[in-house]
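One structure is given below, encoded as structure tokens.
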Amino acid sequence: MLSLVEKQSLPRTAAFFDLDKTVIAKSSTLTFSKSFYQGGLINRRAVLRTAYAQFVYLVGGADHDQMERMREYLSSLCRGWNVQQVKEIVAETIHDLIDPIIYDEAASLIEEHHLAGRDVVIVSTSGSEVVQPIGELIGADRVVATRMVVEDGRYTGEVAYYAYGPTKAEAIAELAESEGYDLSQCYAYSDSATDVPMLESVGHPHAVNPDRALRREAIIRDWPILSFSRPVRLKQRVPTLSMPPRPVLAAAAAVGAAAATAGLVWYTSRRRARYGLH
């Protein structure tokens, strides 16, 4: 582990992670469809449609046109939803739904980047109400995510900020400016060719479980290609760690995530040499 003096002498750096199929094994947004159904937000037909979308996404990924169709569908689907209810549903079910599908390899990378003194930033096209608590669960320092327009506590169905494609790279550049990151020394991880702008904006890009287009790009550019295949519960990674009970509100989720993160850092304090980290 770096000493305080060593950390202060180095330029600030960060590791930027896409979320879906990079840190977790599924689509974060679609994973909550059953919970939204049980909460009365969507009907059975919508559950079946999102289940099919999840299957297609897992099998072949999603290109630009498919992502646009998914964005339009999800935007119209959430129109009128109560924002607080969504946050409570996510907080109540996150441990059951997300904890089991976090890649062990991704969790190890996050820990190792933290031990090397780097910030960890999740950059995801999914909505902030889903991404923010997932980021807290896995110990991310910051989150960049899509934001919906809210009026009178409900979604209008319009998108205020769409974290997708070149927009992700722009967000990273803005963070580098505000936080003082040296992007030439930063890392980025993604599974999708739509994230090439994000990957090429840093000095250490990595393709994780890449789709066909990203695999071709990674080979051409000589980017490292990583294979993540071991989803595992955080408690299984740290058997002595007692996971907190499911929270009722998102604030409680943040407290539980802090305890989980502390345990994970302890678990990997000796694992610094994997995946080409410097």
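In what follows, residues are counted from 1 in the order of the sequence shown.
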What one should report as the nearest heavy-atom pair of Ile89 and Thr93 is O-OG1, 2.7 Å

With distance as the sole test, does Ser108 use its side chain to make a donor-acceptor pair with the main-chain N or O of Asp104 at under 3.5 Å? yes

Report yes or no: does Arg12 contribute a side-chain atom to a donor-acceptor pair with the main-chain N or O of Glu179 at less than 3.5 Å? yes

Heavy-atom pair with the smallest gap, counting every atom of Tyr161 and Ala145: CD2-O, 3.4 Å

Tyr181 vs Phe16 aromatic rings, parallel, tilted or perpendicular, using cut-offs 30° and 60°? perpendicular

State whether the side chain of Gln85 and the backbone N or O of Gly39 hold a donor-acceptor pair below 3.5 Å, judged by distance alone. yes

Consider only side-chain heavy atoms of I, L, V, M, F, W and Y, link residues closer than 4.5 Å, and tell whether Trp223 and Tyr187 are in one cluster. no

So which atom in Ile102 and which in Ala107 form the shortest heavy-atom distance, rounded to 0.1 Å? CG2-CB, 4.3 Å

State, with a plain yes or no, whether a side-chain heavy atom of Ile225 is found less than 4.5 Å away from one of Arg215. yes

Contact summary for Arg154 and Gly80, nearest pair of heavy atoms: NH1-O, 2.8 Å

Please check: side-chain N/O of Thr13 versus main-chain N/O of Cys186, any donor-acceptor pairing under 3.5 Å? no

Salt-bridge criterion met for Arg221 and Glu200 (N-O under 4.0 Å): yes

Tell me yes or no: between the side chains of Ser227 and Ser229, is some donor less than 3.5 Å from an acceptor? no

Is Val86 close to Trp81 at the side-chain level, that is, under 4.5 Å between some pair of heavy atoms? yes

If only side-chain N and O atoms count, and only distance matters, is there a donor-acceptor pair under 3.5 Å linking Asp20 with Ser28? yes

Note: Arg118-Asp141 ion pair, threshold 4.0 Å (strictly below): no

What about Val120 and Met198, same hydrophobic cluster or not, with Ile/Leu/Val/Met/Phe/Trp/Tyr joined at side-chain heavy-atom distances under 4.5 Å? no

Please lay out, stage by stage, how Ile94 and Val130 fare under the test side-chain contact (heavy atoms from CB on, under 4.5 Å). CA-CA 9 Å; Ile94 188 171; Val130 169; over 6 Å; no

Flag the pair Ile122 / Ile134 as yes when at least one side-chain heavy-atom distance between them is below 4.5 Å, and no otherwise. no

Take Thr167 and Tyr162, measure what side-chain contact (heavy atoms from CB on, under 4.5 Å) needs, and give me the verdict at the end. CA-CA 7 Å; Thr167 307; Tyr162 190 35; 5.7 Å; no

Report yes or no: do His113 and Tyr189 form a side-chain donor-acceptor pair below 3.5 Å? yes

Hey, is the main chain of Thr125 close enough, under 3.5 Å, to the side chain of Thr146 for a donor-acceptor pair? yes

Using side-chain contact (heavy atoms from CB on, under 4.5 Å), reason through Met148 and Glu158 one step at a time and then give a plain yes or no. CA-CA 6 Å; Met148 303 297 293; Glu158 298 175 347; 5.9 Å; no

Go through the steps to decide whether Asn209 and Tyr103 satisfy the test side-chain contact (heavy atoms from CB on, under 4.5 Å), and finish with yes or no. CA-CA 11 Å; Asn209 298 339; Tyr103 282 123; 3.5 Å; yes

Contact check, side chains of Leu175 and Ile172, non-hydrogen atoms, under 4.5 Å: no

I'd like to know if the side chain of His206 reaches the main chain of His204, judged simply by a donor and an acceptor atom lying under 3.5 Å from each other, with no hydrogens or angles considered. yes

Would you say Leu41 ends up clustered with Val149 if hydrophobic residues are merged whenever their side chains have heavy atoms under 4.5 Å apart, either directly or through other cluster members? no

Find out if a path of hydrophobic residues (ILVMFWY) with successive side-chain heavy-atom gaps under 4.5 Å connects Val144 to Leu19. no

SB check Lys168 Asp195 (cutoff 4.0 Å): yes

Return the minimal non-hydrogen interatomic distance between Ala218 and Ala207, and the atom names on each side. CB-CB, 4.0 Å

Flag the pair Phe228 / Leu226 as yes when at least one side-chain heavy-atom distance between them is below 4.5 Å, and no otherwise. yes

CG (Leu199) and OG1 (Thr194) are apart, to the nearest 0.5 Å, by 9.0 Å

Are any of the side-chain heavy atoms of Leu97 and Ser35 separated by less than 4.5 Å? yes

Ion pair present between Asp119 and Arg142, side-chain N to carboxylate O less than 4.0 angstrom? yes

Here the gap from Gln132 atom CD to Ser126 atom OG, rounded to the nearest 0.5 Å, amounts to 13.0 Å

Can you tell me if Asp18 uses its side chain to pair, donor with acceptor, with the backbone of Ser124 under 3.5 Å? no

For Thr31 against Ile98, the heavy-atom pair lying closest together: CG2-CD1, 4.3 Å

I need the Glu105 CD to Thr22 OG1 distance, nearest 0.5 Å. 12.0 Å

Do Val90 and Phe32 make a side-chain contact, defined as non-hydrogen atoms from C-beta onward lying under 4.5 Å apart? yes

Cluster question for you: counting only ILVMFWY and a side-chain heavy-atom cut-off of under 4.5 Å, with indirect links fine, are Tyr164 and Phe17 together? yes

